Every structure is written in C-alpha cells, then in structure tokens.
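Taking it in order: structure first as structure tokens, then the write-up.
None of the values given here were measured: they were computed from a predicted structure. Heavy-atom basis, side chains included; hydrogens, waters and symmetry copies ignored.
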Amino acid sequence: MAIAIEHNVETGEIVERPMTDDELKALEVVKAAAAKSAEAAGAAVAKKASILAALATTTGYTVEELKQALNA
Amino acid sequence: MAFKQFPPMQYMTLLASGTLSGTSVSLTSIPNYYKDLRLIVRAMTVDTNNRGMQMQFNSDTGANYGVPSAISGTAQSPNSNQMDINLALGTAAGAGLIDVLIPDYANTSTWKYLLTAYVNRNQTTSTSADYATGLLRLWFSTSAISSITMLNNGNNFSSGNYYLYGIQ
C-alpha cells in the first residue's frame, strides 16, 4: 500500500495515511517519467560504451586509457 | 572600533526534522516569514535500485516543473511533473547527502527554483561516489511555497533523515 507521510511544520504533527486515488494517479505519472528517464540514461551509457569501443579499435588505446584521458 | 557582526545563532532555524518512510513525505504549513529554505537529507535509501529523489511544491502534480539539462539556457518550458533531485540511488546507498536551497520561496510574484547538490554511493561500486552540484530545478508558479513533497519514483523510502531550515 502506498503511504503518504505529512509533517506539519507549524504544529510538528506527523500523520501517516494511505494515498488517495488522486495521489495514486499522480504517482503513476511520476513512475512513467522515471521509467522514461532511466531508459534514456541506459541508452546514453550504451552509446558512450559504443563510442569508446570504436575509438579503441581505431587508436589502439584501451577503453580504460581512453576513459582516463577523457576524464582528465 | 566597529566589529563585523556575525549572523546570530538563529540565522538558520530548524523548522522540522524526521525520518523518511512511506511513498511520499510532505512538509506542510511551512511558515512564510523566512527569506530562504534549506533542506538537508541524510543517508537516504530506497527499496528499489536506480531510483532517486524527486520533489514537488504545494502538492502540484501537474506538468509545471522544469528540469533543465544545462546550468543556463533560454526558452526552457515546463517539461516535468516533478523535480528530479539526485540520480539513481542504490538500495545500499546510505552514505548520501543531499542539500537543497530554495531562495525567496515566499514571494508571490516570481517563478521559483531550487538549487541542489548531492553525493551518494554508486550503487554498483560502493566505494565510489555519484555526485552533482548546481542542479537547477524550476517551478513555473508565482505561488508562495507552503509545502514540499519528497518522492522516489513511486517506490518507498527505506531510511534517511530530513532537516528543513528557515534562513533569516
């Protein structure tokens, strides 16, 4: 069950309750956005690895050497 | 002889602190008489790998946030339903520290932004760090900020502590 914690800054009261239907719907949007950005991050990592592998083939340097040089 | 005055001890006032748990943690009824807000999150862990923290203001779940990919730019339009704060966290990322500054949060005439920096353990190499500084997140609203909601992609917080300060 999805739980929402509400901490009232003025009173200090902390309430724990199940999320409402509206909050759960909004959460689905957040989850979808997270999945999309994780997919994009994965694609970026794969692209970087592919570029490094191609560079290693053409230059004779190892992928590790290229990584170190590019981070310098 | 005049001495330079240092800010008094009350310069930063702890408004609220607690433990992260559940799916979302909202800090509500934030008073409007401070200049800025600062939120520190220590040792946050989540129950799923590859999940970081997001924030929303005033329970606004609409696509009214901007998550720029550069430190400056033009023509940034609202492109998100939440503000991503840090990147992927592992379930054992516990050494993480997140620092969020929200300047002039109570004004009612400008859009708002937050500025964040963080460090946390890399989820595959726990002796290495994931980090960033100067991440800018935008909220396209002129409302005063009276609540902050912390989420982690719809997953649950496993542990961690938050500290909300008002800066005078």
Does a side chain donor of either B/N152 or B/Q54 reach within less than 3.5 Å of an acceptor in the other side chain?
-> no
Contacting moiety of B/F157, where chain A heavy atoms sit under 4.5 Å = neither
For the pair B/W139 and B/Y65, name the ring-plane relationship: parallel under 30°, tilted 30 to 60°, perpendicular over 60°.
-> parallel
Please check if the side chain of B/N58 supplies one atom and the backbone of B/S147 the other of a donor-acceptor pair under 3.5 Å.
-> yes
Sidechain-backbone polar pair: B/Q56 side chain, B/N81 backbone, donor-acceptor under 3.5 Å | yes
B/D104: what forms a salt bridge (charged side-chain N to carboxylate O under 4.0 Å, His left out) with it, not counting sequence neighbours?
-> none
Check each of B/D36, B/I145, B/L164 against B/I102 using the side-chain contact (heavy atoms from CB on, under 4.5 Å) test, and report the only one that passes.
-> B/I145
So which bits of residues 17-32 of chain B come within less than 4.5 Å of chain A, counting non-hydrogen atoms only?
-> B/S17, B/S21, B/G22, B/T23, B/S24, B/V25, B/S26, B/L27, B/T28, B/S29, B/I30, B/P31
